[in-house]
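One-based numbering, in listed order, for ligands and for the atoms of each. Nothing fancy with the numbering, it's 1 onward along the sequence. From a predicted model like this one, the values you see are computed outputs, not experimental measurements.
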Amino acid sequence: MKKILFQLLIGFLFYPFVSCREEFKRPEVQIIPQPATVINMEGTFSITSQTKILINSESPEMQKVTSNLCRRLEYLYEINNKISFSGAPEKKSLFIKLNTGLTISKEAYNLTVSQKGILLEAPSTSGLFYGIQTLLQLMPQIKQKLSEVVIPSVEIRDTPRFSWRGLHLDVGRHFMPKEFILKYLDYMAIHKFNIFHWHLTEDQGWRIEIKKYPRLTEKGSIRKETLAGHYGSNTYDGTSVGGFYTQDDVKEIVAYAADRFITVVPEIEMPGHSLAALTAYPELGCTGGPYEVATTWGVFDDVFCAGKEDTYTFLQDVLTELLPLFPGEYFHIGGDECPKTRWEKCPLCKQRMKDEGLRSEHDLQSYFVQRIEKYLNENGKKMIGWDEILEGGLAPNAAVMSWRGEQGGITAAKEHHFVVMTPGEYCYLDHYQANPKNEPLAIGGYLPLKKIYSYEPVSAILTEDESKYILGAQGNVWTEYMKTPDQVEYMVYPRAAALAEVIWSPKGPRDFENFKSRLTRLTKLYDILGINYCKAAFEP
Ligand code: ACM
Ligand code: ZN
């Protein structure tokens, strides 16, 4: 008894020196997305302002990678490090080594933290960038001036499971300012997403400057009011809204994304979801209009006329302006939810069907999409579209984004087309994530954190060979009921963290409780960065 009292007294006296303040204890290794392998080791390494950051290449890309690290050290802990060029590590240094001889995948990295120092190695700068994201998560998730940043000793070997790790954003329904898009990219980078699918045109707004067709943004970016409340409410807010990105904005965003190893995949919707474009240029619709930028949600009968040659000229002109702005491999042409109502009645559409020997309006859509694909391919791009592009026959080299469940993706993979899985049930971040009674108005559905975390992008129906056509998966963020950046953040986080793990980490089984515990730690960073995540998402 005496001994216990003595220990308590000692504990009490020395408590201030051995307290559990986060910056002093050996932090746990809690990373999202979970790296492929993690070996915990004894001890820690401390980064101080004296710690030398050494790089073995002085390329601009390498500078960008390291400046991302230094910015965070300075922002969170007021630690400023000197970066020097060196072919080899020094004692107690942080050595960032571009090692093109490493035979691991392009985006993979090896990170070793020991009492002697830190070694981060990768065969490409993207791998180094991801290694730095991991290293940043090993640091205390606090914003406070520190004399040393204590990092647990650990050996990490990491590589992504999929090459398409996407997050989408619909800026058609609600325009989001450029400054927010930059933040969106920052947050994506933390989670090792590498594709930003930017849904730029919609019935409710055309959001990108096209110099040859100025009315697209002068008229097509503005709607006179917006539906208030749920679909079918028939009440409107009476407020005109607009917004678009100039081509200079786009250049800035694409470059900002590239610095974070994120490729921007633009989407220009065709032949459906095109009412804003038709409002600007009514001669491109079957009836000739007049049309009005949509003020409510849903699917509209007025779509680009597939019979008029002018439609193809217009779209090719639009693509001609846009292709140089987006250096990525893929261009998204939409292709979803295109009613055939107007085409069935339109003499020019009927004539086109006759001339081309097309038996149905589905075939006409296929003809439309294949013409656009040909143009994209001739101009060095691959085409991707929503799974409706399968109807009437898939364009020869097209990739498919499977959203109406997985069937479209499975069919496409079996036909040896590349596929991105985004089934609504698992990947639609516009669905409610907690009890709708207590949540801000959303479009509907229910996708709790646990469910998105349980998603497996490669269907068991596919053979091993067919599975190779699954490029990855993506979270879709439709903004009918997200009027502000704050609301977008609320719907996207923390669910995007679960998806990030699904697409980066090795195939399950997954331990949701373990994920939640790691996520709780990551939300401290969300708090510091001001990410407006949904706290109710943690509830069962
Ligand atoms: C979609 O959700 N209409 C692709
Ligand atoms: Zn027509």
Can you report which non-hydrogen protein atom sits closest to atom 3 (N) of ligand 1, along with the distance? Asp336 OD2, 2.7 Å

Atom 2 (O) of ligand 1 [closest protein heavy-atom partner, distance rounded to 0.1 Å]: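 Going by distance alone, atom 2 (O) of ligand 1 is nearest to Tyr428 OH, 2.6 Å.
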
Atom indices of ligand 1 within 4.0 angstrom of Trp403 heavy atoms, with elements: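 Reading through ligand 1 atom by atom, the close ones are 1 (C), 2 (O), 3 (N), 4 (C).
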
Ligand-residue contact atoms, ligand 1 with Trp478, heavy atoms, under 4.0 Å: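 Result: 1 (C), 2 (O), 4 (C).
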
Relative to each other, are the rings of Phe326 and Phe331 parallel, tilted or perpendicular (30° and 60° limits)?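 Plane angle over 60°, so perpendicular.
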
Which class fits the ring pair Tyr469 and His416: parallel under 30°, tilted 30 to 60°, perpendicular over 60°? parallel

Using only atom types and a distance under 3.5 Å, with no angle test, would you say the side chain of Ser505 pairs donor to acceptor with the backbone of Val502? no

Derivation of the side-chain contact (heavy atoms from CB on, under 4.5 Å) call for Thr287 and Arg342: CA-CA 8 Å; Thr287 65; Arg342 297 286 182 261; 3.7 Å; yes

Does Arg371 form a salt bridge (charged side-chain N to carboxylate O under 4.0 Å, His left out) with Glu309? I'd like the steps, not just the answer. CA-CA 11 Å; Arg371 263 189 82 162; Glu309 199 53 29; 2.6 Å; yes

Is a salt bridge present between Glu344 and Lys350, judged by a nitrogen-to-oxygen distance below 4.0 Å?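 No, no charged N to carboxylate O under 4.0 Å.
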
May I ask you to say whether Glu292 pairs ionically with Arg223, meaning some side-chain N is under 4.0 Å from a carboxylate O?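 Salt bridge between Glu292 and Arg223, a charged N being under 4.0 Å from a carboxylate O: no.
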
Counting heavy atoms only, which part of Glu337 comes closer than 4.0 Å to ligand 1: side chain, backbone, both or neither?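 Side chain only.
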
Listing by chain and number, what protein N/O/S atoms are under 2.8 Å from the Zn ion (ligand 2)? Cys286 SG, Cys305 SG, Cys346 SG, Cys349 SG

Quick check: do Leu167 and Leu429 have side-chain heavy atoms less than 4.5 Å from each other?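 Yes, at least one pair of side-chain atoms sits under 4.5 Å.
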
